[in-house]
Number of protein chains: 2
Amino acid sequence: MVKKRKVGNLLALAVLATVYTRPMHRYEMASVMRARGKDQDMDIKWGSLYTVVQNMERHGLLEAIGTNREGARPERTIYAITEAGKRELVDWTRELISAPRREHPSFAAGLSVLATLSPQEAIALFQERLGHLDESIRAQRAALAEVADDGVPRLFLVENEYGVAMLEAEAAWVRSLLDELTSGTFPGLAGWQAWHETGAMPEEMAEIAERGTTPD
Amino acid sequence: MVKKRKVGNLLALAVLATVYTRPMHRYEMASVMRARGKDQDMDIKWGSLYTVVQNMERHGLLEAIGTNREGARPERTIYAITEAGKRELVDWTRELISAPRREHPSFAAGLSVLATLSPQEAIALFQERLGHLDESIRAQRAALAEVADDGVPRLFLVENEYGVAMLEAEAAWVRSLLDELTSGTFPGLAGWQAWHETGAMPEEMAEIAERGTTPD
DNA sequence: AGTCGATTACTCGTCTACGAATATACGTGT
DNA sequence: ACACGTATATTCGTAGACGAGTAATCGACT
């Protein structure tokens, strides 16, 4: 299904895109990515960059086109993208855009064990999350507006727009769940509550807990 | 900031939640998780489960409370959750719910190199994605309705509801981007187009490409 | 002219995740 | 009673991710 990439780390994708414009050495790649705010989109792991570039060379996506020694600095290998590398970049992009991958955000993992907490505590924590989300949205919107003002075309900002849209959607979802919890309209709330007060799981749940929750 | 967990793999969280109800051996944990559809939420990596449980024992979150030999089967170690394990479960859940973690979905990575493709191709691929998304939404909604019918309380389904909500939000976002692209109202579309036909990057972009796109 | 801290640039070793292989038992049709 | 597929249960090797460490240069201030 999902063709296995020779180099699977998404950092490699960023490298391909970066080296596409002109050959450069490894540290420069990192600098350029950082300058572009790529480090925000995907935080660059230093250790990984060097391993990844090495693997990319091994698989023929990059080639060393010589070294550049400057002053007494250690010599730096300059890498260029190969034809295979260009093909990989395009092909990989196609795959990422066309096929949604089942990813597992940590929030979902947290929700799946929500019953661990009391309803009161859950409410408080959701409120806290909402605060963080709103702040993030504000900050990212502002940053987006600023660079757009600087004349950066939308084409290079779609991923940020996507990020904001997802944050907004999450905030909206949390808000609506909170409404149900605080107004008491969330079904089974009383049972959940009682369970945490008395330690007795309501029988409608006990039975469920023993079999499985989501079949299929 | 984000306290480093002794065992960071989210699979460990699922294990804690599973062993919480009663002690069991490793293969059983996997079976129970699978029965609960946890394998959908977070696909279980066989190799990981054994390493993770071992690490959890090493860090005192689980303890071996004996072995159970049945027939000629290899002997199986039974693990129980410890007090520290219970504390970890609650504390970890708190963290996951209260603090949004910057995660980096692969779609965002794809979007960040969208310019690699021609606008026509991008449109086609977005349409393909939309098809997959709509199908996923349909399927998950159906599965959700079915288990809800079976009497599984909402409390145990919030993470699925969240998943559907996020899929819907993504679909909506893609749809609106597609509208702009197909109707031609997406700013800079002509330049993007020309660039891919002639190979000449419009100067408003060339300059940008050399500096960085997203400062902040 | 010496020191301090920041930046540049890279290496190394550890730890983890996970695929794939393995091996035995069980059930079921012939 | 045996052959074969499926479920049970686990081990192991390896590739990859990443933190932390190293070392040189540069600029600024003293």
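Chain letters run A, B, ... following the sequence lines, proteins first, then strands; residues in each count from 1.
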* Roughly, in whole Å, what's the span from CH2 in A:Trp46 to C1' in C:dT14? -> 21 Å
* Structure fact -> Whole-Å distance, B:Lys45 NZ to C:dT16 C1', equals 13 Å
* To do: Sort out for me which residue in A:Thr82, A:Val53, A:Thr77 forms a side-chain contact (heavy atoms from CB on, under 4.5 Å) with A:Leu62.
  => A:Val53
* A:Leu11 CG to D:dG19 P, straight-line distance once rounded to whole Å -> 12 Å
Report each atom pair, protein N/O against N/O of nucleotides 12-16 of chain D, whose distance is under 3.5 angstrom.
residue : atom : partner : partner atom : Å
D:dG16  : OP2  : A:Asn55 : ND2          : 3.4

* Structure fact -> Rounded to whole Å, CD1 of B:Ile44 lies from P of C:dA17 at a distance of 15 Å
* To do: In whole angstrom, give the distance that lies between atom OH of B:Tyr27 and atom C1' of C:dT22.
  => 14 Å
* is_close_aromatic(B:Phe126, B:Trp173), centroid dist under 6.0 Å -> no
* Asked: For the pair made of CG in A:Leu10 and P in D:dA17, what is the distance, rounded to whole Å?
  -> 10 Å
* To do: Considering only NZ, NE, NH1 and NH2 on the basic side and carboxylate oxygens on the acidic side, decide whether B:Arg22 and B:Glu28 come within less than 4.0 Å.
  => yes
* To do: Could you tell me whether B:Trp46 and B:Tyr27 have their ring centroids closer than 6.0 angstrom?
  => yes
* Asked: Below 4.0 angstrom, N of the basic side chain to O of the carboxylate: do B:Lys86 and B:Asp91 qualify?
  -> no
* Asked: Cation over ring, B:Arg129 on B:Phe107, under 6.0 Å and within 45°?
  -> yes
* **Rounded distance (Å) that lies between atom P of C:dT16 and atom CZ of B:Arg5** => 16 Å
* **Gap between atoms CD and P, on B:Glu28 and D:dA7 respectively (whole Å)** => 17 Å
* To do: Would you please confirm or rule out a distance under 4.0 Å between OP1 or OP2 of C:dC10 and any side-chain N or O of A:His25?
  => yes
